[in-house]
Each structure stands twice: as structure tokens, then as C-alpha cells.
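The structure appears below as C-alpha cells.
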Amino acid sequence: MNTTTDQRGQELTAPKVQFKGIRDGILVTFGEGTWPELREALFQLLEEQGEFLRGARLALDVGSNILRAAELGSLRDTLSDRGMGLWAVLSSSPTTESTAQTLGLATRISKPKPQERTRPTNDPSIQGGEGGILVRRTIRSGFSLHHPGHIIVIGDVNPGAEITAGGDVIVWGRLRGTVHAGAEGDENCVVCALDMSPTHLRISGHIYTVPQRRGKPMPETVRLQGGQFVFEQWNPKSKELSDGSKTLWMKPKNKKST
Amino acid sequence: MVAKVITVTSGKGGVGKTTATANLAAALAAEGYKVVCIDADIGLRNLDVVLGLENRIVYDIVDAIEGRCRLRQAMIRDKRLPELFLIPAAQTRDKSAVTPSDMVRLCDEIRPEFDYILIDSPAGIERGFRNAIAPADIAVVITNPEVSAVRDADRIIGLIEAEEKGPARLIINRIRPDLVRRGEMLNTDDVLELLAIELIGIVPDDENVVTSTNQGSPVALNGKSRAGQAFRNIARRLAGDKVPFMELENHNGLFGRLARLIRPGGA
């Protein structure tokens, strides 16, 4: 996906950089050329239209260009100097993609590419559409991760880190940062973690400040039930349910929401 | 001889970056390596004072970068260790007087002549930190066993990874075994659990550090100081030796010796 042509016939002039409004901000696509040229063209355009774009969230589709972390980092800094946030980098290069993930940037925008779309199903527990991102590293203090879909982290989320997801948040590790699931108002979202001790937990519009560690860390799921936060601990001793099926989750404990 | 560039950084101020840089440099030089330390804290220079070389500064790093002198002229030879040099920071300028590429260029220029180049990073995560980390081969993060220092160290480790200078190595500075034993201070495991990087040294809190800093003589040159011993061990680990971590508890009294008999290895 190197050149996304604009319907209004702008491809005739073959501009190096194009802006396109999408639901989550502005998608920047690049034309033909080497990366330094394209970057130069982007900066020039930002110079001209900087005021208009102030405060915008940009997603960059860099095509097959290979971008290293230093490069991507300085690009993000340049953009933030101009009051623009870089939240996603799309690329067909796996190197660039993993670099973007390293920097805590999304690598998919909400509309998944057609080949990734899951088959429509009637089962409400299988969700397609929004998609999710998988982050295989520890999110350290000062990094924030925003995604309109689900976020799965394999690694820890340290204090001072921030995760905001439109959907569910799953942390295969210690969750000790700030987490917000269902950021767009979905009260059915859940947060799961192997060690649930976030500094601050939000689901939709409800806020919960988790008290100090209660005993040994246990895998837990948090959901909202009638405006209250409900914590369910994972118990390796499975229990029989009345319908004969087994559950690995202990009886929910009600917790007051703040 | 191609020097390894080691950047000492922390995020938070006051945890002992400058002290550690001065001591590691002195310890490496005492081992016979040719070492230069660079003070990257432009505008708030300290390393010269800790090394006791402040009255010998004629030219500084900014003079060298802006071409008012040759780099050689900005290098000050230590009075005790002939293998130790300092490139001092400018006091009348600020961090913006130097760019990360200036630092890379400067380090590349002196790399062939030295074994180690130690860079003392300023506190913070802005330009000064980026200047200091740009030429680094090894990043050493210093933290204190305090929640705030550990949080900042976590941030800085993330930034080091983002700059592709990782994995960083960790020094825990100013630990107090008595407080740790009573559970009133974070212990090594608590810090390591959060930061999850390689630990290369634990430095106990030691009054000698204050005295020697004021005298401008690095504590690593003081054979009796425990902090000095810790810094000498870290220097040897950086040089590639395998050195066991020293015992933090002071087992000098009768009870201490009894305790050591009962649990060898100590705390």
C-alpha cells in the first residue's frame, strides 16, 4: 500500500504526501520516493499547514520504508513539537512495524485490512471488526498505548505507564500502571491481568483506585456489573457448575466503585 | 585500542550519577585502563569538583565543539592517576550548546586513544540526556532504593531501549542494609522485579562518599570504604571480570560473626 489514491484525482500530480481524514484522526500516506525525500516533503507540508493540523492525531502509512527506532522517535518528537500526536504507524515492513510497537505506537488503524476481517458470526463472544493489538514487551513508565480496539500485552505494565483501549485489556504479566478499558463508552469491557495491581483502573466512565496488594498475586478479571467493579480471581481448583460445566473462576467478589 | 563508551544516567537527580561516574572512572584508571570522563551536564557542571580538578579547567567541551580549542587542550589529566582524563562541561552555557551528533563525533575522535569513555549524563529526559546517550555503547542506569527513583529509572530504561542503546545495566546506589532488613527500604529484589534489567552493582550508603566528594578525591581510591569497594567491583564487572556481589551486612560484632556461621553468604 504505497500510494493510496485520492478520489478527487490528486494522483495526477502524484503528491509525495497526502492527508486523509479518518475516524481516529488523520491518515498520512506517502507517494513514491526515498524516505528522506518523503520526510522532507512531510515536514514542508507541516510547515505550511501546521496551524490547521495542531492537535491532530496522525497515523502514518509509510509503505515498505524501513524506519529505525531513532528515526521514528525523532519523527514523533518533531510532530509533538508542532502539537500533533503520532499514534499509529502502518507499514508493510515487519522491521518498521516492530519498531513502532516498541515505541508504543499502534500498527493498525481501527478499520482492519480486508484480509484480516474475521468471518461474521452470530456468537457474541467472538468479536471481529475492531481488532486488537498485541504488544510483546514491558510497557515502562512514561509510555502510553492507545488503541480503539483491544490491547493485549505480553509483559508487565509498570507504574507510570498508560493503556487506553476502546475494547478489552489483557495483560499477561503484572499490571501496575494506569489502564482504561472501554474508553469509548463500552461498559461490557473487561481487564485481565496475571497480577492486578494497577495504580488506577477505568472501565468506560467508571474509575477505581485499587487498594494495596491483597495477599499473593492471582490472575484476575475485572468487569463492571451495575456500575460496580467486580473482581474475579482465577482458581486452579476447578469447580462444577450446576449445568455440569466447569469453571476456573471463583465466585465474584463485589467491590464498591469510587 | 577502541574505547567503549559508557553513559551513566538515571532520570532522577541526586541519585549519584556524578559520584558513580567519577568513581568508576577512577577505579578503571587504577586498574590500568586509559579512561576519559566527559561531563555532559552543561550549565551545571559537577564532575570536575568531584574529581578535584575544578581549578585546572581552561577549556571545556563546548570550546572544543565550537572550535575554540583542540579536543586535546580541553582534556585535563588527573593529578593522582596519570591514565585518567576529564573533559569538563561548560558552566556558562546550556544543554542546547551541544547536539547528539556533536557528542558522537567527539567520542569517535577520541575512541582510538582510550579504553573507556565515561559520560556523566544530566538528570532529566530532555536534550541533555539525549546528548549523553547518543554515543553510548553501554548504558548504565543508577537508582536509589526509593519508589520515586525507581519510577524514573524505569522511564529512562524505556527511553534507552527506544534509542536502541539497550539493554541497560543497573546500579543500585545508597542502599542501607539495616533499613532493608527491617523492611523499611526497598530491597534489591523489589527494584529488580520492576526494572527487569541486569544488575551490575549494589553500593551501600557510606559517609566516606560525602567526605571524599568534598575533598575531590573519589572514594574508589579509598581502600577502607565499602562504597569504594563496591565501585571497584562494578568497574571490574564493566571490564568483563566476574566478581561476586559483596556482603552488605557488617558482620563485625560477635553476633554478626555468629550469624555468618549460621547462614553463610549473609544477607
Side-chain angles (χ1 to χ4, degrees), chain A residues 66-81 86 89 95-105 135-145 153-163 171-178 193-195 197-200 212-213 216-217, chain B residues 7 9-12 15 95-96 99-101 103-104 123-137 139 141 143-170 183 186 189-198:
Chain A
I66 294 173
L67 268 70
R68 315 279 296 166
E71 172 71 20
L72 218 48
S74 80
L75 188 64
R76 183 175 60 178
D77 295 348
T78 315
L79 290 173
S80 72
D81 285 347
L86 177 63
V89 172
T95 319
T96 311
E97 227 174 28
S98 71
T99 319
Q101 280 166 359
T102 315
L103 287 174
L105 299 168
V135 182
R136 270 169 78 170
R137 59 187 288 270
T138 290
I139 318 287
R140 293 185 183 275
S141 169
F143 285 82
S144 64
L145 200 59
V153 179
I154 302 183
D156 295 349
V157 177
N158 283 356
E162 236 178 58
I163 291 187
V171 179
W172 190 262
R174 303 183 189 94
L175 171 51
R176 296 193 275 201
T178 300
L194 293 186
D195 177 359
S197 23
T199 28
H200 196 113
Q212 279 287 302
R213 193 24 342 100
K216 254 167 98 180
Chain B
T7 296
T9 185
S10 72
K12 188 175 178 295
V15 297
K95 311 299 189 254
S96 59
T99 66
S101 55
M103 290 296 287
V104 173
I125 53 173
E126 294 85 18
R127 180 68 164 272
F129 163 71
R130 284 196 214 168
N131 286 340
I133 201 72
D137 298 316
V141 173
T143 190
N144 291 158
E146 289 162 21
V147 180
S148 55
V150 173
R151 170 82 56 96
D152 289 359
D154 190 37
R155 174 89 164 109
I156 222 82
I157 293 165
L159 292 172
I160 290 167
E161 283 168 4
E163 297 266 347
E164 291 172 345
K165 299 290 183 186
R169 294 168 205 195
L170 184 70
L186 291 178
D189 292 339
D190 297 334
V191 178
L192 282 180
E193 186 197 54
L194 189 90
L195 298 179
I197 58 171
E198 188 198 345

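Sequence lines set the chain letters: A, B, ... in the order given, protein chains first and strands last, and positions in each chain run from 1. Only heavy atoms go into these numbers, but all of them, side chains included; no hydrogens, no water, no symmetry mates.
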Open item on the list: Suppose the criterion is side chain to side chain donor-acceptor pair (under 3.5 Å): which pairs have a residue in residues 124-133 of chain B, not counting sequence neighbours?
Closed with: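 Of all non-adjacent pairs touching residues 124-133 of chain B, those that pass side chain to side chain donor-acceptor pair (under 3.5 Å) are A/Asp77-B/Arg130.
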
Task: Proximity breakdown for A/Arg137 and chain B, heavy-atom pairs closer than 4.5 Å - done: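 The side chain, not the backbone.
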
Task: Any residue of residues 145-158 of chain B which, by heavy atoms, sits under 4.5 Å from chain A - done: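 B/Arg151, B/Asp154, B/Arg155, B/Ile157, B/Gly158 fall under the 4.5 Å cut-off.
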
Open item on the list: Tell me every residue that passes side-chain contact (heavy atoms from CB on, under 4.5 Å) with A/Thr78, counting only those two or more places apart in sequence or in another chain.
Closed with: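 Testing A/Thr78 for side-chain contact (heavy atoms from CB on, under 4.5 Å), a comparison that skips the adjacent residues, returns A/Phe43, A/Arg82.
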
Open item on the list: Any side-chain to backbone donor/acceptor pair from B/Glu164 onto A/Ala69? Under 3.5 Å, distance only.
Closed with: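 A pair under 3.5 Å: yes.
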
Task: A/Asn158 side-chain N/O to B/Leu194 backbone N/O, donor-acceptor pair under 3.5 Å - done: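 At least one qualifying donor-acceptor pair exists.
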
Open item on the list: Going by the rule side chain to side chain donor-acceptor pair (under 3.5 Å), which residues pair with B/Lys12 if we only count those two or more places apart in sequence or in a different chain?
Closed with: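 With neighbours one apart ignored, the set is empty.
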
Open item on the list: Quick check: closest heavy atoms across A/Arg140 and B/Ile197, and the distance to 0.1 Å?
Closed with: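 For A/Arg140 versus B/Ile197, the nearest heavy atoms are NH2-CG2, 3.9 Å.
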
Task: Among A/Ser74, A/Gly73, A/Ser141, residue most engaged with chain B (heavy-atom pairs, under 4.5 Å) - done: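 Counting heavy-atom pairs under 4.5 Å, the top option is A/Ser141.
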
